[in-house]
Engineer: 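There's a structure below that I have some questions on.
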Number of protein chains: 2
Amino acid sequence: MPASKRDQLLATAERLFYDQGFHATGIDRIVTAAGVVRMTLYNHFASKEALVMAVLKARHERFMASLDTAAAAASPGQATLALVEAHGHWLEQYSQHGCIMAQAMGEYAEHSAEIHALATAAKTDLLARLETAVARDGLDHHTRLARRLFLMLEGSNTAVAVLGAEVALADTRAAADALLSAAWSETP
Amino acid sequence: MPASKRDQLLATAERLFYDQGFHATGIDRIVTAAGVVRMTLYNHFASKEALVMAVLKARHERFMASLDTAAAAASPGQATLALVEAHGHWLEQYSQHGCIMAQAMGEYAEHSAEIHALATAAKTDLLARLETAVARDGLDHHTRLARRLFLMLEGSNTAVAVLGAEVALADTRAAADALLSAAWSETP
DNA sequence: TTTTATTTAGATAGATCGGTCTATACAGGA
DNA sequence: TCCTGTATAGACCGATCTATCTAAATAAAA
């Protein structure tokens, strides 16, 4: 069965928002690219802001699901590295030129508290998953370590855009390994 | 002496672009906030795109100068950490809710190759400074290590926006220390 | 077949966008 | 004093923005 008009709109808007930016992408371009008429969009979404919210929410849920799947499938003691790998895989597939949540935070910081809060929550959700994984792997100082890994993964968003996925993700993996090793030997 | 109209425009535009985003900030708002008339802007800058370029260029030069000053004043063997400190200091002062260059890359990736290239060059300039410092400090594998530190510093841009400057910068410092220690003990 | 919900087409609204134009005012330096 | 460069005020342009409205077409469910 073909995707619903609503799903077509979500997928098209996500692509355009990510490639062109939020404010630079007009309603007309979205509906044209989705092969749909303007009223169909406003039938499914109350406003452009509501559309942005729905796009980010759906994308975030997909991202979290891929993290959770990877963590659940990891061998004992390997949950943290599995998250790092899953994050890298996501960047390779869907996020080659920067993080859409960071972009949304910047574009809507003073224009929509709702969108800004959603994007911020997406970041803290990732941090929370890291904390859970680090704790599950039996590593000490798990909050501190999780925050350091968070720094790395956030940095890899930009690094992929600047240096390319191959180089950036290899660096991220190696740096994560170094942080994890250092965590064992470091004095508390 | 009061700042020139041109400088007023640059400072005002920088603030508005950073706080509200590039596309979401109109020419009218800039000139009004700068206390200047519309034609004065177009007398000094050929277009909005040229204004964005000038703003980013000036900001980047200020940033680079602060890095170079810090590196030059560092004790022998401490240039790398001095750069990390200087970067953190910059975030505290001027970049509390995300990196304006990353924002520009996102907003202009498909709208202005010139702006996108400038923002990308800003990132590679930071990476180059890190490489120089790491080499000057006599650390091995300096390219690889510099790229890992680059990841950290890029991550701290987002981390400051999400977790606040205090927490994020403490983590960044600690993680950089850990990476530097690990660099000594790691097998090539 | 009738009802109900969805989609289409297209006109329309008012605001704002980046950018241009002209005429006027006002400096400081020659 | 005159001249040159800069700033002001404000009208103006066409394009685009988000959003709404109506009327007709379409399809699936009852």
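Per chain, numbering begins at 1; letters A, B, ... match sequence-line order.
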Engineer: What donor-acceptor contacts under 3.5 angstrom involve side-chain atoms of residues 69-83 of chain A, with partners at least two apart or in another chain?
Structural biologist:
unit_1, atom_1, unit_2, atom_2, d
A:Thr69, OG1, A:Ala65, O, 2.8
A:Thr80, OG1, A:Asp137, OD2, 2.7

Engineer: For B:Gln20 and B:Thr25, test the side chains for any donor-to-acceptor distance below 3.5 angstrom and give the result as yes or no.
Structural biologist: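 No - no donor-acceptor pair under 3.5 Å links their side chains.
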Engineer: Which residues pass the salt bridge (Lys or Arg N to Asp or Glu O under 4.0 Å) test with B:Glu131, sequence neighbours left out?
Structural biologist: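 Not a single residue meets the salt bridge (Lys or Arg N to Asp or Glu O under 4.0 Å) criterion with B:Glu131.
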Engineer: Run the salt bridge (Lys or Arg N to Asp or Glu O under 4.0 Å) test against A:Lys5 and tell me which residues pass, sequence neighbours left out.
Structural biologist: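 So A:Lys5 forms no salt bridge (Lys or Arg N to Asp or Glu O under 4.0 Å) with any residue.
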Engineer: Can you sort out which residues in residues 103-119 of chain B have a heavy atom within less than 4.0 Å of DNA chain D? Ascending by number, please.
Structural biologist: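 Under 4.0 Å from DNA chain D: no residue of residues 103-119 of chain B.
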Engineer: Applying salt bridge (Lys or Arg N to Asp or Glu O under 4.0 Å) as the test, list every pair that has at least one member in residues 13-24 of chain B; sequence neighbours left out.
Structural biologist: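 Residue pairs passing salt bridge (Lys or Arg N to Asp or Glu O under 4.0 Å), neighbours aside: B:Glu14-B:Arg59, B:Glu14-B:Arg62.
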Engineer: According to a strict under-4.0 Å criterion, is B:His44 in side-chain N/O contact with OP1 or OP2 of D:dT6?
Structural biologist: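 The answer is no; no side-chain N or O of B:His44 sits under 4.0 Å from OP1 or OP2.
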Engineer: Enumerate the ring-ring contact (aromatic ring centres under 6.0 Å, His included) contacts for residues 110-136 of chain A, please, sequence neighbours excluded, ordered by first and then second residue.
Structural biologist: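 Only A:His23-A:His111 qualify under ring-ring contact (aromatic ring centres under 6.0 Å, His included).
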Engineer: Could you pull out all residues at least two apart from B:Arg29 that satisfy salt bridge (Lys or Arg N to Asp or Glu O under 4.0 Å)?
Structural biologist: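 None.
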Engineer: Determine which pairs satisfy side chain to side chain donor-acceptor pair (under 3.5 Å) with at least one residue from residues 167-177 of chain B, sequence neighbours left out, and list them in order.
Structural biologist: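 Every side chain to side chain donor-acceptor pair (under 3.5 Å) pair that includes a residue of residues 167-177 of chain B, provided the two are not neighbours, is A:Arg147-B:Asp171, B:Glu85-B:Arg173.
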Engineer: Going 5' to 3' through nucleotides 15-24 of chain D, assign each nucleotide B (protein heavy atom under 4.0 Å from a base atom), S (under 4.0 Å only from sugar-phosphate atoms) or - (no protein heavy atom that close).
Structural biologist: --SBBBB---
Engineer: Is there any side chain to side chain donor-acceptor pair (under 3.5 Å) pair reaching into residues 32-47 of chain A, and which pairs are they, with sequence neighbours excluded?
Structural biologist: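 Listed once each, the pairs are A:Asp28-A:Arg38.
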Engineer: Taking salt bridge (Lys or Arg N to Asp or Glu O under 4.0 Å) as the test, write out the residues that go with A:Asp68, two or more places apart.
Structural biologist: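 Per chain and number, A:Asp68 pairs via salt bridge (Lys or Arg N to Asp or Glu O under 4.0 Å) with A:Arg129.
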Engineer: How would you give the extent of chain B contacts on DNA chain C, as first and last nucleotide 5' to 3' within a 4.0 Å heavy-atom cut-off?
Structural biologist: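 Under 4.0 Å from chain B, the extent on DNA chain C is C:dC17 to C:dC21.
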